[in-house]
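Worksheet for the structure shown next.
From a predicted model like this one, the values you see are computed outputs, not experimental measurements.
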Amino acid sequence: MRLSIVAALAPVEKAEFAYVRDLVEITDSALSKQVSRLEEAGWMTVEKGQVGRRPRTWLRLTEDGVAAYRRHLAALTAIAGPLQ
């Protein structure tokens, strides 16, 4: 689940909580729990604000989070081998 969340955030500067939730196809509470763990690890930051009168939460990978994601992808590629 965390890999999916990080993969969703890797190509963007930041994304709204609801966008990531829908993309990864999990509940608000499940995403919130995983976000807390990623934030504790220093891989993600959470920014709260408003758009008009509606509260919004944005998620962003930190430099450490991007580096960890790249290492993980490299390890998976080494395990799986190149695609033909």
Side-chain angles (χ1 to χ4, degrees):
M1 191 60 53
R2 288 182 214 150
L3 177 59
S4 296
I5 294 164
V6 172
L9 291 170
V12 297
E13 182 180 332
K14 66 181 178 179
E16 279 193 45
F17 184 95
Y19 170 79
V20 175
R21 177 201 62 214
D22 294 345
L23 187 64
V24 178
E25 299 179 341
I26 60 174
T27 65
D28 286 354
S29 62
L31 179 56
S32 182
K33 187 176 190 177
Q34 298 307 319
V35 165
S36 292
R37 293 207 171 117
L38 289 164
E39 192 175 25
E40 288 169 5
W43 289 16
M44 179 180 293
T45 60
V46 177
E47 176 186 334
K48 297 201 179 257
Q50 288 190 313
V51 175
R53 295 184 144 180
R54 295 183 174 247
R56 294 286 189 254
T57 301
W58 292 275
L59 308 174
R60 176 190 320 256
L61 288 182
T62 63
E63 287 182 26
D64 287 345
V66 172
Y69 177 63
R70 288 185 179 146
R71 286 191 309 271
H72 195 76
L73 287 180
L76 288 174
T77 301
I79 292 166
L83 292 175
Q84 306 253 355

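- Counting all heavy atoms, side chain and backbone alike, Ala15 lies closest to Val12 at CB-CG2, 4.2 Å.
- Within a 6.0 Å radius of CD in Glu63, other residues, nucleotides and ligands contribute 12 heavy atoms or fewer.
- Minimum heavy-atom separation, Asp64 to Gly42: CB-O, 3.8 Å.
- Within a 6.0 Å sphere centred on CZ of Phe17, other residues, nucleotides and ligands contribute more than 12 heavy atoms.
- With Thr57 contributing its side chain and Lys48 its backbone, the two residues share no donor-acceptor pair below 3.5 Å.
- For the pair Ser32 (side chain) and Asp28 (backbone), a donor-acceptor distance under 3.5 Å is absent.
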Step by step, would you call Arg21 with Thr27 a side-chain contact (heavy atoms from CB on, under 4.5 Å)?
CA-CA 7 Å; Arg21 177 201 62 214; Thr27 65; over 6 Å; no
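- By the 6.0 Å contact criterion, CD on Glu25 is open, its count of non-hydrogen atoms from other residues, nucleotides or ligands being 12 or less.
- Rounded to the nearest 0.5 Å, atoms CG (Leu38) and NZ (Lys33) are 13.0 Å apart.
- In terms of heavy atoms, Glu16 sits closest to Trp58 at CG-NE1, 3.3 Å.
- No side-chain heavy atom of Arg60 sits under 4.5 Å from any side-chain heavy atom of Met44.
- Just one residue in the list Ile5, Leu9, Thr45 forms a side-chain contact (heavy atoms from CB on, under 4.5 Å) with Leu61, and that residue is Leu9.
- Following chains of ILVMFWY side-chain contacts shorter than 4.5 Å, one can reach Val6 starting from Leu76, so the two form part of one hydrophobic cluster.
- Heavy atoms from other residues, nucleotides or ligands lying under 6.0 Å from CZ of Arg56 number more than 12.
- Looking at Leu59 and Lys14, their side chains never come closer than 4.5 Å, going by heavy atoms from C-beta outward.
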